[in-house]
Amino acid sequence: MRYILSLIVENKHGVLAKVSQVITGRGYNISTLTVGPSEKPDTSRMIITFDCDDKVISQIIKQMNKLIDVIKVFLIDEKEKVERELVLMRVHRKRENEDSLSRVIDIFKGRIVNVTPGNFVIELTGHSGKINAFIENIRPYGIQDLMRTGPLALPRYEIK
Amino acid sequence: MSKISGSQIIIEALKCEGVDTVFGYPGGAVIPLFDALYSTPEINVVLTRHEQGAVHAADGYARSTGKVGAVIVTSGPGATNTVTGLATANFDSVPIVCITGQVPTSMIGIDAFQEADVTGITNAVTKHNYLVSRIEDLAETIKNSFHIAGTGRPGPVVIDIPKDVLLGSYKFNYDGKINIRGYKPHIEGHPNQLKKVVQMLANAKKPVVIVGGGAIISDSSPEINEFIKICDVPVTATLNGLGCIEYDNPYFLGMHGMHGTIAANSAIQECDLLIALGSRFDDRATGKLSTFAPNAEIVHIDIDSASISKNVNVDVPVVGDLKVVMKQILPMLSAVKRPEWMARIAELKKKSHQMTRGKDRITSIEVFDILNKTLEEDTIIATDVGQHQMWTALYYKFKKPRTLLTSGGLGTMGFGFPAAVGAQLANMDKQVVCISGDGSFQMNIQELATAVINELPIIILIMNNGYLGMVRQWQELFNDERYSSTCLMKCRKDPSKCRGVEEECFKFIPDFVKVAEAYGAVGIRVKKTEELESAIKKALELKDKPVLIDILTDRKENVWPMVPAGASLDDMMKGGMTL
């Protein structure tokens, strides 16, 4: 199943390499990884998702805790979280199906953020499941390029 | 406060940490640092003949004393040569601080001469590493490194220092408090977990204790000995746990695992409660996991929570420093007697190994009979890796903690001799003996120079069978006797036509006695058992140079018992053992 792991790490040179080294070196696969600044300037927050069993995730948590530059590690509870992912897609623009494409984008509350005579760039924000569904609905229109951020996630309550 | 150079900051920091010996090798990037060491009489700089030797020597120094070993090498190849040494120390939880030179910060990333991405390369083989790019951070980084290396589950820390940082100047301040927010080792065991352990011990009919390397590292041998006596419980050791319990202690079963004793492996398979103290359930120790200790509830006390339930599912985990946890639990115990179980243990111990004696050549048991008779109990034994290592574990009667230095986890051939050099420098009052094989010894043979120059009276015993013996044993047992690339005496010819040692084969390659003499050490060749004792006695008398004893042993002796890789501890092959 999918696990969302949240790490607070030192905002220092080489920390991402250390985190990914431990995960890959022990044979675990990262599904997505997102890194960015946190509320404090000297720490960063990483959200890493894994598709694995509970034994593997508990070993990953322990290994992450062993890293000196990792300050805090916790699993994000699927039921008590806010999750957002962003997708950008550039799709073919064809006169005959522009209307239906616009309707699909509206239904998902996506946006067209760039237009050229040959294509649209579309963005959508939502939880990963919604992004998956959106992509499947856009695919028939011809996706030229697609980029997802991987999910960001925060617990709904403060984790002590 | 006046400013001093980066190199001088390092020297002052090393002095504050109580470092008296540094193992190293100079090079372009660390010339300023070696220059500062040149006028530092408080620190003995030991020039090894290879950077790998330097790290193993610091490892031997650390394992034999419990102090943090210190290494200084140059950038690029100097740093990459440390990787095997660091991985060895990391696997066996040995505290080392390794300072590597680096090209100047302005040249990092341009493929400069002798540049290597040292933090990138050493991520997987260290507990932690640093690249110090600002001299302002230098003193604090060294302080943190010694703290990280020596506390919690110990391990090696690399500090990569660019040359311009060595040459810069800044004030030296070492008074700051250590506060690493991502590093707070658990020291005390949780009281509720300990209550459970006490209850389980009270209920158990057939408990067994495993002591691992953590028992040695945490210096908890006295507490563990008290524990087993109060609880009347037999105890087995992992390879790196040997020495925690005296060999002749009636509770001691010997080592368990692939080459474990019949008593130890059988007791584990029969027990109803298994208490692991600072061991990490390595596959060589457990055999097939699904049949390991099938009837037992498992308690695991370890400082590293990641070692718990990694391989074996643990019923009651206790995370903490073993010595502290033992001190917590001892007052909670009430003395019990388990006469039936101890009677069964005594029965199992009778099935101990009696090896057949050799006819023409010397066999392992004869070597260790003599060693057990002639060596003092505080003798430090360093081994390499292979058959001689397992024979040492099985037959040598260890009596004290920190008397065995061996690469248990990584299994590094070439570890033993440089480790013996480091241990001897730290323990000039004790005898150090390196037990090696003709394969392993050649992997760091150049350190003979280090031993001779430093007048170290190390005794080197080479159990010379002309083979990479352990691999040869596997080939004999599991590969239809196809001795691919394991004979070290073979001449150039088609291996399939080899009929054993022939006229054209090399007699000695190399002639270890001549090698020893070439380095200025003493070399003695022993062909018969009766020559061995006098050779060792002669070696023990020499106090200012190493003595290499080349023992021509039985070429095809195997290590018994043996549990094949991946098999259950129940399936012990007993080979040439007479029961």
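A, B, ... follow the sequence lines: proteins, then strands. Residue 1 opens every chain. If you're wondering where the values come from, they're calculated on a predicted model, not measured in any experiment.
- Of the atoms belonging to A:Leu67, it is backbone heavy atoms, and not side-chain ones, that fall under 4.5 Å from chain B.
- Rounding to the nearest 0.5 Å places CG of A:Asp69 at 7.0 Å from OH of B:Tyr130.
- For B:Asn313, the part sitting under 4.5 Å from any heavy atom of chain A is the side chain, from C-beta outward, and nothing else.
- Contact record, B:Ala124 with A:Gln21: CB-NE2, 3.4 Å, taken as the closest heavy-atom pair.
- Atom CD1 in A:Ile68 sits 6.5 Å away from atom CD1 in B:Ile180 (nearest 0.5 Å).
- We find that B:Arg181 and A:Asp42 are joined by a salt bridge, their nearest charged nitrogen and carboxylate oxygen being less than 4.0 Å apart.
- Scanning both residues, A:Lys66 and B:Ala306, for their nearest heavy atoms gives CD-CB, 3.7 Å.
- Within the 4.5 angstrom heavy-atom criterion, no atom of A:Lys72 approaches chain B.
- The two residues A:Lys55 and B:Asn311 have their closest heavy-atom pair at NZ-O, 4.3 Å.
- Counting heavy-atom neighbours within 6.0 Å of B:His147 NE2, excluding the residue itself, gives a total above 12.
- Of the atoms belonging to A:Lys18, heavy atoms from both backbone and side chain fall under 4.5 Å from chain B.
- No more than 12 heavy-atom neighbours from other residues, nucleotides or ligands sit within 6.0 angstrom of CD on B:Glu140.
- Counting heavy-atom pairs closer than 4.5 Å to chain A, the top-ranked of the candidates B:Leu131, B:Thr119, B:Asn144 is B:Leu131.
- By the neighbour-count criterion of 12 heavy atoms within 6.0 Å, atom NZ of A:Lys109 is sparsely surrounded, having that number or fewer from other residues, nucleotides or ligands.
- Other residues, nucleotides and ligands contribute more than 12 heavy atoms inside 6.0 Å of the CG atom of B:Asn192.
- Among the residues in residues 43-51 of chain A, those with a non-hydrogen atom closer than 4.5 angstrom to a non-hydrogen atom of chain B are A:Thr43.
- Note that the OG atom of A:Ser58 and the CD1 atom of B:Ile308 stand 11.5 Å from one another [nearest 0.5 Å].
- No more than 12 heavy atoms of other residues, nucleotides or ligands lie within 6.0 Å of CZ in A:Arg111, so this atom counts as exposed by the packing criterion.
- Taking every heavy atom of both residues into account, B:Ser305 and A:Lys62 meet most closely at O-CD, 3.2 Å.
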